[in-house]
Amino acid sequence: MGKKLLIRNAAQIVTPEGNSARFGKEMGKLKQYEDASILIEDGKIAAVGKDPSWGREVPEEDQIDASGKAVLPGFVDSHTHLVFGGYRPDEFLWRMGGMSYMDIMNRGGGIVNTMKATREASEEELAAHAMDHLKNMLAMGVTTVEAKSGYGQDYDTEMKQLRVTRTLNASQPVELVSTFLGAHAVPPEYAGRGDDFIEFLLHKVMPDVAKQHLAEFCDVFCEKDVFSVEQSRHLLTEARKMGFKLKIHADEIVSLGGSELAGELHATSADHLLHASDAGIRAMAENKVVSTLLPTTAFCLREPFARAREMIDAGCAVALATDFNPGSGFTFSVPLMIGLAVIYMHMSAEEAITALTLNGAAAVDRADRIGTIEPGKQADIVILHYPSYKFLPYHTGINIVEKVIKKGELVVG
């Protein structure tokens, strides 16, 4: 008999359903069980519902009493910049004083600042740094995290960041999904030569990333004064030929056409989207691109939030992620993100849960494995301190996660 775990007597079990992203009004549909249990065997969900015999199958020490608690799928943070060196608190305060994101970059700050610190840091330092953050993310119910490179922008540091992600994935409970983001900015040594830098990545870096299986996705910062739509199309088209799945930082600062490009290329996700056009929203919906929104970044940048309500009403599949990074959004607060999504982005609580579970899983191409509480899925589960999922936005900005289960193992609480 395989190893079993029983979560019993839950006041409420709440989950989206299915093996793919939920689009449009389907995002608001959640399956709910009351006074129910979850049987887990060998790290996977075996059954959900009511069955008085389950308790006889599982030793008492392998049972969790969830009386008075709500139970949800583990949260998926599908857009982070987890591995980096250094911090940038001065830049945050410059921004609060009125300096723009691009002005800070032009002063030698921004991504270039972190690039220098990351180049100087050892793998051991970067891993220790990221490990501390992962422990705190796990305590907030995050069981899967996408982690991007992009703070090296040279061969050695990009490979170093990706190796750290691989090491961390094997050494702690949170499952990491690796993304190559060498095209995060044009480094100083390639100033004014963005095309040459793209070719450097394509011919000198990415073949080795692919050969060593260090990243599953390729991403690009498609933005005015960073990488154009044409440059981004070229990079992503060639990346797909190398076996990478595609993501794109799109329409964060201006409406450049990144969301339209994501639709054209049938990317797995387009992320940020603060200034996505109506045409871009239609392109994402029609081409089944997950629209990953990052409300804490807009909050920290004092920018208008992405048009979540309009995207959902237009038939998009919206995911929510933190964009945890040392510059534009130094936070991985899931409670803050949920509050912003519901209060300011006009998402329902049900849509926010789908966005943070099943649609987040789809944004990292894992919706067939995680993101729901259904038989056959991996047992990634969150138990709240309160009896209803409605406490997530209601208890605003407060972490109410009591226990976390990853692959059938109790890892928090």
Side-chain angles (χ1 to χ4, degrees), residues 18-23 76-83 143-150 158-159 161-163 165-166 168-169 174-184 198 201-203 205-222 227 229 231-251 258-273 280 283-294 316-321 323 355 357-371 378:
N19 292 323
S20 60
R22 301 292 91 183
F23 289 79
V76 180
D77 194 344
S78 58
H79 181 128
T80 83
H81 302 259
L82 175 69
V83 179
T143 53
T144 301
V145 169
E146 185 256 17
K148 303 179 189 294
S149 68
E158 290 294 315
M159 300 296 280
Q161 281 189 273
L162 295 171
R163 286 195 301 270
T165 298
R166 182 167 64 186
L168 289 168
N169 191 43
V174 179
E175 188 173 345
L176 299 183
V177 181
S178 185
T179 295
F180 176 73
L181 180 59
H184 197 189
I198 292 289
L201 295 176
L202 286 172
H203 297 290
V205 186
M206 291 167 62
D208 284 357
V209 174
K211 183 178 180 180
Q212 296 179 38
H213 305 289
L214 285 172
E216 187 173 332
F217 289 89
C218 179
D219 197 348
V220 59
F221 191 7
C222 180
F227 296 103
V229 170
Q231 289 170 324
S232 300
R233 179 185 290 109
H234 175 53
L235 176 73
L236 294 177
T237 299
E238 294 304 310
R240 175 169 277 154
K241 294 176 184 177
M242 297 183 199
F244 293 98
K245 301 166 193 173
L246 307 185
K247 288 179 169 287
I248 182 168
H249 280 57
D251 302 322
S259 50
E260 290 92 331
L261 178 63
E264 172 192 328
L265 296 177
H266 297 275
T268 302
S269 75
D271 301 27
H272 282 290
L273 306 172
M284 291 186 292
E286 291 169 2
N287 293 286
K288 305 301 182 185
V289 177
V290 177
S291 304
T292 302
L293 308 185
L294 315 171
C316 286
V318 167
L320 290 170
D323 191 27
T357 57
L358 180 57
N359 282 6
V364 292
D365 195 30
R366 279 161 172 72
D368 60 334
R369 286 177 265 171
I370 60 174
Q378 187 168 286

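Sequence positions, counted from 1, serve as the residue numbers for this chain. If you're wondering where the values come from, they're calculated on a predicted model, not measured in any experiment.
For the atom pair CG of Asp208 and CE of Met242, the computed distance is 10.5 Å after rounding to the nearest 0.5 Å. For the atom pair Thr237 OG1 and Glu264 CD, the distance stands at 7.5 Å (nearest 0.5 Å). Separation of atoms SG (Cys316) and NZ (Lys288) is listed at 9.5 Å; rounding is to 0.5 Å. Expressed to the nearest 0.5 Å, how far OG of Ser78 lies from CG of Asp323 amounts to 10.5 Å. Atom-to-atom distance recorded for Thr179:OG1 and Leu214:CG is 12.5 Å, nearest 0.5 angstrom. Taken from CG in Asp365 to OG in Ser20, the straight-line distance is 11.0 Å, to the nearest 0.5 Å.
The backbone N or O of Asn19 lies less than 3.5 Å from no partner atom in the side chain of Asp368, so there is not a single donor-acceptor pair. Checking side-chain atoms of Glu216 against main-chain N and O of Lys245 turns up no donor-acceptor pair under 3.5 Å. The closest donor-acceptor contact from the side chain of Asp219 to the backbone of His249 lies under 3.5 Å.
A side chain to side chain donor-acceptor pair (under 3.5 Å) with Ser149 is found for one member of His81, Arg163, Glu158 and no other, namely Glu158. Between Leu176 and the options Thr144, Val364, Leu82, Thr80, a side chain to side chain contact (heavy atoms under 4.5 Å, CB included) holds for only Leu82.
Using a 4.5 Å heavy-atom threshold, the side chains of Met206 and Phe244 count as touching. Within the 4.5 Å cutoff, the side chain of His234 has heavy atoms near those of the Leu202 side chain. Considering only heavy atoms from C-beta on, Lys148 stays 4.5 Å or farther from His184 through its side chain. Contact annotation: the side chain of Thr143 never approaches that of Ile370 to less than 4.5 Å [non-hydrogen atoms, C-beta and beyond]. By the 4.5 Å heavy-atom criterion applied to side chains, Glu175 and Asn169 are counted as neighbours. Between Asp251 and Glu260 there is a side-chain heavy-atom pair separated by less than 4.5 Å.
Here the closest non-hydrogen pair linking Ser259 and Ala250 is N-CB, 3.7 Å. Minimum interatomic distance between Leu246 and Phe217 (heavy atoms only, all atoms of both residues): N-CD2, 4.0 Å. The two residues Ala262 and Ile248 come nearest to each other via the heavy atoms CB-CG2, 3.6 Å. In terms of heavy-atom proximity, Leu162 sits nearest to Ala215 at CD2-CB, 4.2 Å. Considering every non-hydrogen atom in both Leu201 and Ala183, the closest pair reads CD1-N, 3.6 Å. Contact record, Ala319 with Val290: CB-CG1, 3.7 Å, taken as the closest heavy-atom pair.
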**OP:** Evaluate the side chain to side chain contact (heavy atoms under 4.5 Å, CB included) criterion for residues Gln212 and Met159: first the C-alpha distance (whole Å), next the side-chain angles of each, then the deciding distance (0.1 Å), finally the verdict.
**Re:** CA-CA 10 Å; Gln212 296 179 38; Met159 300 296 280; 3.5 Å; yes

Which donor-acceptor pairs under 3.5 Å do the side chains of residues 265-273 make with protein atoms, sequence neighbours left out?
| residue | atom | partner | partner atom | Å |
| --- | --- | --- | --- | --- |
| Ser269 | OG | Lys247 | NZ | 3.0 |
| Ser269 | OG | Asp271 | OD1 | 2.8 |
| Asp271 | OD2 | His79 | ND1 | 2.7 |

